[in-house]
2 protein chains.
Amino acid sequence: MTVWDRPEPPTRPLPLDRERIVVAAIALADEAGLAAMSLRKVAARLEVGPMRLYGYISTKEELFDLVVDEVHAEILPEEQPGDWREALRAYARRTRQAALRHEWLADLLGGRPTMGPNALAVTEATLAPLDGLTDLDTALRAVETVSAYLTGAIRREIANLRAERATGLSKRDWQRAFGPYLRRMLATGRFPALTKAVYDGTEVDAEASFETGLDWVLDAVAAKLARPPA
Amino acid sequence: MTVWDRPEPPTRPLPLDRERIVVAAIALADEAGLAAMSLRKVAARLEVGPMRLYGYISTKEELFDLVVDEVHAEILPEEQPGDWREALRAYARRTRQAALRHEWLADLLGGRPTMGPNALAVTEATLAPLDGLTDLDTALRAVETVSAYLTGAIRREIANLRAERATGLSKRDWQRAFGPYLRRMLATGRFPALTKAVYDGTEVDAEASFETGLDWVLDAVAAKLARPPA
DNA sequence: CTCATGCCGATACACTGTATTTTGTTGTGA
DNA sequence: TCACAACAAAATACAGTGTATCGGCATGAG
């Protein structure tokens with residue numbers, strides 16, 4: 001009898017912890033979308049009964065909060081720039097990148113207040129460089145405005161991406177060929193400006209559009225920093 | 001045997017149509033949240049079997065699209081201002097008001113491209129006043145940027161509102177007393193700027209905050225209209 | 001050795017969206 | 001008037017969900 005014959009020790013399931021749960025949940029969602037992140041599937045991936053999870057999580061919403069915070073670890077810059085504009089821009093870009101890696105993030109963004117440690121660190125990193133440049137309320141407003149833009153822009157981008165994927169067409173083609181429906185709509189003549197936009201608008205890629213909008217918002221912030229409110 | 005004895009004709013159920021379905025769905029969601037808008041409950045409210053709905057919609061996502069578009073009818077201004085700034089502001093305010101009336105809208109905003117007739121009309125109303133003031137791409141970017149801000153700001157506002165409601169505390173108290181957790185977090189000293197914000201920030205109400213951010217974004221748009229991109 | 005305690009898997013419940021099957025009704029041709 | 005076909009609607013079925021509850025088992029205390 002060699003070691004090879006010896007039965008494997010019954011591979012004690014790794015002791016469960018939040019971290020392992022969160023990692024499994026993210027993996028599932030990355031592979032098959034947020035809908036695939038069911039407690040049962042997460043548990044199955046950890047080779048554990050579904051109810052085991054309730055020792056670490058008290059509700060599914062809590063799991064959502066945890067995975068969102070986990071992704072914020074990717075968003076946090078390894079070393080933060082001292083310049084407020086670069087800090088906000090990095091925050092925006094890194095969030096967008098994270099959403100492109102984890103599309104399900106778009107479904108969750110802005111859905112609940114995020115108070116996890118990583119999210120707090122991200123807020124700190126964006127807020128700190130504004131310190132001293134203006135009053136606190138203006139600084140807060142700046143971060144919130146950028147963050148609101150972010151949420152909306154990312155959600156739209158991912159929504160469009162999914163729609164394109166579903167039809168298999170390029171965005172432009174998709175707009176042009178949205179069945180007879182859109183054409184009929186535009187043909188009614190009720191939407192002249194829109195019609196021009198659809199037919200004459202140049203196709204811009206999502207990233208450029210994101211960056212442009214972001215620049216606008218950052219310019220707006222800059223203007224307010226220059227002359228804080230009376 | 002008089003007419004009075006005669007049994008009532010069996011009250012033919014009103015012939016179903018999309019409109020009735022959408023109205024029922026919205027009512028349900030208004031009363032008990034988006035989760036209450038299940039196909040079975042909608043059908044029950046119409047005194048009809050669940051499968052009947054599939055004669056009018058082919059999937060639940062489609063129902064979501066329909067209810068979102070229906071709400072856009074409330075967003076569309078009865079008479080649109082010719083001034084682009086007022087048009088965009090009206091769009092923003094009316095969307096926010098709609099979301100306060102129908103909180104579930106926050107869950108759906110930005111989740112899918114909205115191409116319904118009412119949504120198209122809203123886009124037209126916001127786009128038209130920009131016509132001639134700048135090139136088409138800039139106009140589109142303006143509308144999209146405002147819309148992105150809107151989505152994000154509304155989602156955050158509703159999320160905070162729900163959180164406050166859940167704890168029964170005012171926002172300020174909630175921040176201050178977020179269990180031992182937040183205090184402990186801040187006490188670590190890792191988040192100095194955040195700590196100042198939480199403790200020294202004046203409480204601003206949601207509407208004012210929304211308006212301020214909106215003004216910033218509109219200012220940014222105005223700046224771009226003044227000198228269109230090279 | 002006995003008993004109590006706490007953990008963990010299995011089971012159970014009330015729901016969900018949707019596919020499929022069964023039933024009923026109504027119009028039609030003979 | 002009857003038989004049948006076509007279609008609309010209801011009922012049933014299925015695979016899944018989040019979560020409450022129950023039962024057994026293993027481990028530690030007395």
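Small disclaimer: the values here were computed from a predicted structure and weren't measured. Values reported hereafter were calculated over all heavy atoms of this structure, with side chains retained and with hydrogens, waters and symmetry mates removed. Every chain is numbered from 1, with letters handed out A, B, ... down the list of sequences.
One can place CD of B/E47 at 15 Å from P of D/dA9, the figure rounded to the nearest angstrom. What separates CD of B/E62 from P of C/dT18 is a distance of 10 Å, to the nearest Å. To the nearest angstrom, P of C/dA19 lies 11 Å from CG of B/L39. Atom CE in A/M51 sits roughly 14 Å away from atom C1' in D/dG23 (whole-Å rounding). Atom C1' of nucleotide D/dT17 and atom CG of A/L34 are separated by 13 Å, given to the nearest angstrom. Nucleotide C/dT20 holds its C1' atom 13 Å from the OH atom of B/Y54, rounded to whole Å. If you take CG of A/L53 and C1' of C/dC7, they are 15 Å apart, rounded to a whole angstrom.
The cationic group of A/R96 lies under 6.0 Å from the six-membered ring centre of A/F210 and within 45° of the ring axis, placing it in a cation-pi geometry.
If you check D/dG18, C/dG17, D/dA11 against the side chain of A/K60, the one that comes closest is D/dG18. Between D/dA10, C/dT18, D/dT17, one nucleotide has an atom nearer to the side chain of B/R52 than all others, and that is D/dA10.
A salt bridge does not link B/E31 with B/K41: every distance from a Lys NZ or Arg NE/NH1/NH2 to an Asp or Glu carboxylate oxygen is 4.0 Å or more. Using a 4.0 Å cut-off between charged nitrogen and carboxylate oxygen, A/R18 and A/E70 do not count as a salt-bridge pair.
Under 4.0 angstrom from either OP1 or OP2 of D/dG18 there lies no side-chain N or O belonging to A/T59. Look at B/K41 and you won't find any side-chain N or O under 4.0 angstrom from OP1 or OP2 of C/dC15.
In the interface, the side chain of B/R40 is paired with the base of C/dG17 through a donor and an acceptor atom under 3.5 Å apart.
Dense packing is recorded around NZ of A/K60, with more than 12 heavy atoms of other residues, nucleotides or ligands lying under 6.0 Å away.
Mapping B/E61 and A/G49 onto DNA chain C by nearest heavy atom places A/G49 closer to the 5' end of the strand.
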